[in-house]
Amino acid sequence: QNRNFRFSMAADCIVNESIEELIYAWRTEVHSPEILPYKGDLVEEISLLMDNQQTLLDSQTDRAEDSEVFTLLMYQMDVERIKYSLIRYLRARIMKIQQSLDHIVTSIDYINRLSEAEKAFASTLLELNQTHFHESIIVRLNKDTADEFEKNNMRQLHSQPKINEFVFCRVMEDINGFSVADRDMDLRKGNISILQYKAIQMFVLDGRMCLL
Amino acid sequence: NYCMRGRELLIDLKRSDWLPAYDEEGIRVLIKEVEELTKILHGMIPGDDENKGSKRSLSNSEIVQVQYLGNCLKRNYRYLHSYLEHRQGKIRELRWDTGTQVLPEKIRNDTLSSKEKDYFSAYNDLLTEYNSMVGLDLTASIEPPKELSIEVRVLQNCGIIMTDSGSVNLSKGTVSYLKRTEVEQLIKEGLVEHVDDQF
């Protein structure tokens with residue numbers, strides 16, 4: 001009886017709302033053309049809960065009776081699923097950072113959306129890329145030619161996020177007086193539309209809309 | 001004729017399954033063209049700030065030449081950028097797809113330039129560092145987890161591995177039932193395969 005009590009306490013610890021928020025965050029990040037602000041608090045909370053849950057599970061495994069093994073597996077499975085969502089969220093961001101690297105590092109706004117770890121990653125990757133170009137090409141050019149080559153670096157232009165593309169979005173909170181293409185619309189919570197990202201950018205950033 | 005070699009470089013990239021061998025010679029030709037074009041253009045374009053007084057204007061045919069050569073030069077810049085960047089991307093992708101920290105032998109010997117090998121190694125360090133900072137291996141779990149343990153058939157001898165439930169001998173041809181997280185890396189490297197008997 002004691003053990004069952006411990007189990008239910010553990011289960012309640014992983015709050016459903018946080019997980020739902022993580023899944024929304026992951027999906028929105030995947031579908032948004034630009035890098036979004038890092039949800040540090042959410043990530044930290046979920047990581048902590050996962051660690052606690054795992055520690056609890058590990059301590060139970062050795063002493064588990066046969067009848068409890070299945071329950072343990074289910075809880076373990078749960079942890080795995082949450083870990084998967086977290087991995088996908090972080091991975092979506094890293095991929096986007098790599099894709100738009102040159103553009104991100106020249107914008108304070110974008111830099112501030114990265115976590116500390118991501119900032120370190122981005123700045124090192126930039127260095128790596130530049131070193132590689134330098135070693136492979138620049139060193140073999142005359143100084144003047146090299147300067148011209150660098151001046152014509154199109155990387156920043158090419159790595160701009162495509163905010164003109166259309167995205168599927170869902171309204172999370174009522175939005176009044178939204179105007180797009182000369183039409184005024186009221187967006188109700190739960191509405192799903194396809195809109196140009198540029199038009200709804202601010203709503204995605206403040207969480208009033210999420211992407212699908 | 002400028003820009004012919006550059007075009008070939010890119011066509012090579014497109015044709016290949018992953019990456020063709022690093023075309024050292026092609027890059028050399030491109031660099032030579034860039035130097036040549038830069039020199040010619042500097043010779044033709046009149047007037048730096050020092051010569052402001054003695055600027056002579058270009059004849060029509062010279063204008064056309066400058067435009068043409070300028071475009072060739074820009075195109076070569078783009079060839080160089082695209083070639084290197086595309087390969088960089090593929091190299092990073094390799095690290096993600098296989099999770100391998102060491103280049104496979106064939107790639108190491110035939111395909112990449114020495115600078116690219118350095119890039120792979122440095123990128124590997126960077127990604128590994130990031131993974132440890134966030135406490136997760138981001139290259140794991142491409143698919144949502146469906147079950148905790150899976151059956152795997154061993155394709156190549158892996159020797160004895162330690163698992164949570166003791167040591168397991170993974171010899172070629174055997175089938176074992178192991179935790180997914182433990183064998184994921186082996187599946188990625190092609191050493192074992194997932195036995196899926198649910199259709």
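For the numbers below, each heavy atom of this structure counts, side chains included, while hydrogens, waters and symmetry mates do not. Lettering of chains follows the sequences in order, A, B, ..., and the numbering in each one begins at 1.
- Using a 4.5 Å cut-off between heavy atoms, Y77(B) touches chain A through backbone and side chain atoms alike.
- A donor-acceptor contact closer than 3.5 angstrom is absent between the side chains of Y75(A) and Q60(A).
- At a 4.5 Å heavy-atom cutoff, the contact between E118(A) and chain B is made by backbone and side-chain atoms alike.
- For E151(B) and H194(B), the side-chain atoms include no donor-acceptor pair closer than 3.5 Å.
- Using a 4.5 Å cut-off between heavy atoms, Y22(B) touches chain A through its side chain atoms alone.
- Neither the backbone nor the side chain of D118(B) comes within contact range of chain A; no heavy atom of the residue lies under 4.5 Å from a heavy atom of that chain.
- Remark: the Y119(B) side chain and the N129(A) side chain contain an N/O donor-acceptor pair separated by less than 3.5 Å.
- Proximity to chain A is limited to the side chain of R78(B), based on heavy atoms less than 4.5 angstrom apart.
- When each of E116(B), K115(B), M133(B) is checked for heavy-atom pairs under 4.5 Å with chain A, K115(B) comes out on top.
- Residue T139(B) touches chain A through its backbone alone, counting heavy-atom pairs closer than 4.5 Å.
- No side-chain N or O of K172(B) forms a donor-acceptor pair with one of N157(B) less than 3.5 Å apart.
- In this structure the side chain of D12(B) reaches within 4.5 angstrom of the side chain of R15(B), judged on heavy atoms.
- With chain B as the partner, the residue from A117(A), S115(A), S85(A) showing the most heavy-atom pairs under 4.5 Å is A117(A).
- Using a 4.5 Å cut-off between heavy atoms, L125(A) contacts chain B through both its backbone and its side chain.
- Aromatic rings from H31(A) and Y197(A) are positioned such that their centres are separated by 6.0 Å or more.
- Proximity to chain B is absent for every atom of D51(A), based on heavy atoms less than 4.5 angstrom apart.
- For the pair R113(A) and E34(A), the salt-bridge criterion is met [side-chain N within less than 4.0 Å of a carboxylate O].
- The backbone N or O of L30(B) lies less than 3.5 Å from no partner atom in the side chain of E33(B), so there is not a single donor-acceptor pair.
- V34(B) touches chain A through backbone and side chain together, each having a heavy atom under 4.5 Å away.
- Looking at F121(A), the atoms closer than 4.5 Å to chain B (heavy atoms on both sides) sit in the backbone and in the side chain alike.
- Counting heavy-atom pairs under 4.5 Å between each of L126(B), V134(B), L136(B), T38(B) and chain A puts L126(B) at the top.
- In summary, the aromatic rings of Y123(B) and H132(A) are positioned with their centroids too far apart to meet the 6.0 Å limit.
- Looking only at heavy-atom pairs under 4.5 Å with chain A, the residue among Q88(B), R92(B), E129(B) that has the most is Q88(B).
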